[in-house]
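To keep things clear, I will list the structure first and then write my remarks on it.
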Amino acid sequence: MRQRLTAPAVMIASGLSLYAGAALAVGLFERFPPTIVAWFRVAAAGVVLLVVVRPARWEFTRRVGLVAGVFGCVTMGMNMVFYEAIAELPLGTAVAIEFMGPIVVAAWGSRSIRDWLALLLAGGGVLLMSGARWSASPRGVIFALLAATLWAIYIVLGARIATAGSSNGRLTVGFCYATVVGLPLVAVLWPHGAGVPLPTVVGLGILSAAIPYSLDQVVLRMAGPSYFAILLALLPLTAALLGAVALGQSLSIAEMVGIVAVVGAVVARDHR
């Protein structure tokens, strides 16, 4: 029983760290474009992990370094396009569209009626909790669909990294490469006269990237990519409950039904 609860518990811990970091990002959005805030997130995490993990030099080269670099760039791109999507669409709509990525990964790994039931419950639960209101912003929808595609690739590549020895080392290498690749774009978009708010950026990198993405590796090793994709539905559930408990935000009937659906999906997919 304890083992069955471990993966969902780690995913919830990841979500709590992620949303704590999101609170820091709010202030940055007022001063920097969403793309630069996404780069801050990955770059700061890369520097922090480089100091803590200290990957070997060979991990930056060969096929291992290539896969890690692609993973890091996919992660950074996923954050960039999602931030651009929420600048155009209501958050709930963007979340609902982006979650199509994990749904596809979960569907690809589904082998039974129980798996498909879990998949339908998770997808429906996220849709209800997001409070999605479909907007007429083609640009926002395109960015959200790109985020969904990159999220699916993130899960697949992340599963490979999670089972390849020092996953935190690969994560560090990937973020370092992504930081360098994103520099030209950041230089073009950088607001004139803006300085780097270092404490906020470091906090953002630790809470929004270093901790949650490291915990993703733990969950991927325990659960595999298909079940991991279902467990991602716990992230909006965590956000809804955190808002209700910490901020006194009341839950609508639709949100409560969505929470029950997501919990049902996790239980149904776990009992195999």
Side-chain angles (χ1 to χ4, degrees), residues 10-55 60 68-69 71-87 91 94-95 98 147 150-151 154 158 167-218 235-236 238-243 245-249:
V10 174
M11 182 61 78
I12 290 172
S14 173
L16 290 172
S17 179
L18 188 66
Y19 294 121
L24 291 177
V26 171
L28 292 175
F29 281 131
E30 298 173 359
R31 301 165 58 186
F32 297 94
T35 296
I36 292 182
V37 176
W39 181 82
F40 277 152
R41 180 180 180 182
V42 171
V47 172
V48 170
L49 288 173
L50 191 62
V51 172
V52 174
V53 178
R54 298 183 181 179
F60 286 87
F71 173 77
C73 290
V74 165
T75 303
M76 180 179 66
M78 175 181 71
N79 283 286
M80 286 180 172
V81 294
F82 181 70
Y83 283 174
E84 292 291 346
I86 62 178
L91 180 60
V95 168
E98 189 193 30
L150 291 172
W151 205 0
Y154 165 86
S167 60
N168 281 338
R170 309 293 195 275
L171 198 66
T172 305
V173 171
F175 285 176
C176 288
Y177 276 128
T179 299
V180 175
V181 169
L183 268 175
L185 181 60
V186 170
V188 171
L189 297 176
W190 194 270
H192 179 70
V196 179
L198 195 58
T200 303
V201 168
V202 172
L204 178 69
I206 293 173
L207 292 172
S208 282
I211 293 176
Y213 290 140
S214 296
L215 291 178
D216 279 358
Q217 295 295 301
V218 175
L235 296 183
T238 303
L241 292 179
L242 192 62
V245 174
L247 303 177
Q249 298 172 348

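Taking the side chain as every heavy atom from C-beta outward, T75 and F71 approach each other to under 4.5 Å.
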Which donor-acceptor pairs under 3.5 Å do side chains of residues 20-41 form with protein atoms, sequence neighbours excluded?
residue, atom, partner, partner atom, Å
T35, OG1, E84, OE2, 2.9
W39, NE1, T179, O, 3.0
R41, NE, S208, O, 2.9
R41, NH1, N79, OD1, 2.3
R41, NH1, Y83, OH, 3.2
R41, NH2, S208, O, 2.8
R41, NH2, Y213, OH, 3.4

What side-chain donor-acceptor pairs closer than 3.5 Å can you find for residues 187-203, not counting sequence neighbours?
residue, atom, partner, partner atom, Å
W190, NE1, A194, O, 2.9

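A search for side-chain contact (heavy atoms from CB on, under 4.5 Å) contacts involving P212 returns S14, S17, L18, not counting sequence neighbours. For F60, the side-chain contact (heavy atoms from CB on, under 4.5 Å) partners are L50, P55, V173, C176, Y177, not counting sequence neighbours. Not counting sequence neighbours, F82 has no partner by the ring pair (Phe, Tyr, Trp, His ring centres under 6.0 Å) test. Residues meeting the side-chain contact (heavy atoms from CB on, under 4.5 Å) test with V10, sequence neighbours left out: T6, L215, V218, V219, M222.
C73 contributes atom SG, which lies 14.5 Å from atom OH of Y154 (distance to the nearest 0.5 angstrom).
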